Amino acid sequence: MNNRLIIAFNISKTYDLFVQGKGDRVSIYDCTRHYWANVKQTKAELAELVFGVAHGKVVGVYKPTSWHYVEYLNNSQRIEFEGVEINDSPYLGMDLSDYFYKTQNPVRYIGKW
């Protein structure tokens, strides 16, 4: 991935609900951008790209333009981003299942952080 700084989010659960027409997410972008815990804003702001990954495959690629904290359930703070979708990205469809294999952490940093 050419040593780019990438954050990949496992969105399998919200993606499945979106595809089934359930849940409150209205797009793959919406599934990818919202409510991430344990991600520091200073580190996130270094990311060149953000991947939404469902069942090991990249289903969305975004160029983040800003990151900010929002209030989430029970007054906890979670981070989310605003960004631009890259519809013709060569990364779409890429298999990243090895990055998420046997882990419960939905966040992966790819590249030389």
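Predicted, not measured: the structure shown is a model, and the values here were computed from it.
Between Val84 and Thr65, some side-chain heavy-atom pair lies under the 4.5 Å cut-off. Side-chain contact between Arg108 and Thr103 is present, with at least one heavy-atom pair separated by less than 4.5 Å.
Counting only distance, with no hydrogens or angles, the side chain of Tyr69 and the backbone of Gln41 share a donor-acceptor pair below 3.5 Å. Judged by distance alone, the side chain of Arg25 and the main-chain N or O of Phe18 form no donor-acceptor pair under 3.5 Å. Tyr72 contributes no side-chain N or O that, together with a main-chain N or O of Trp36, makes up a donor-acceptor pair within less than 3.5 Å.
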Side chain to side chain contact (heavy atoms under 4.5 Å, CB included) for His34 and Thr14? Distances and angles first, verdict last. CA-CA 10 Å; His34 284 301; Thr14 55; over 6 Å; no
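Clustering ILVMFWY residues whenever any of their side-chain heavy atoms sit less than 4.5 angstrom apart, transitively, puts Leu96 in a cluster other than the one holding Val107. The hydrophobic clustering, which links ILVMFWY residues whose side-chain heavy atoms are closer than 4.5 Å, places Val58 and Phe9 apart. In terms of hydrophobic clustering, with Ile, Leu, Val, Met, Phe, Trp and Tyr side chains grouped at heavy-atom distances under 4.5 Å, Tyr99 and Tyr101 are assigned to different clusters. Under the 4.5 Å side-chain heavy-atom criterion for grouping Ile, Leu, Val, Met, Phe, Trp and Tyr, Tyr62 is connected to Tyr109 within one hydrophobic cluster. With hydrophobic clusters built from ILVMFWY side chains whose heavy atoms lie under 4.5 angstrom apart, Val39 shares a cluster with Trp113.
Counted by atom type alone, Asn74 and Ser76 present zero donor-acceptor pairs between their side chains at under 3.5 Å. For the residue pair His68 / Glu80, a side-chain donor-acceptor distance below 3.5 Å is found, with atom types taken as modelled.
Residue pairs meeting the side-chain hydrogen bond (donor to acceptor under 3.5 Å, both in side chains) criterion with at least one member in residues 85-95, sequence neighbours excluded, are Asp95-Ser97.
If you take CD1 on Ile11 and CG on Leu17, they are separated by 11.0 Å, rounding to the nearest 0.5 Å. Rounded to the nearest 0.5 Å, atoms CD (Gln77) and OH (Tyr35) are 12.0 Å apart.
For the residue pair Ala44 and Ile7, the shortest heavy atom distance occurs at CA-CD1, 3.8 Å. Between Tyr29 and Glu82, the closest heavy-atom pair is OH-CA, 3.4 Å. Minimum heavy-atom separation, Asp30 to Val26: OD2-N, 3.2 Å.
Within a 6.0 Å sphere centred on CG of Asn105, other residues, nucleotides and ligands contribute more than 12 heavy atoms.
The aromatic rings of Trp67 and Phe81 are tilted relative to each other, their planes meeting at an angle between 30° and 60°.
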Under 3.5 Å, which donor-acceptor pairs do the side chains of residues 46-56 form with other protein atoms, sequence neighbours left out?
unit_1, atom_1, unit_2, atom_2, d
Glu48, OE1, Arg4, NE, 3.4
Glu48, OE2, Leu5, N, 3.1
His55, NE2, Asp16, OD1, 2.9
His55, NE2, Asp16, OD2, 3.0

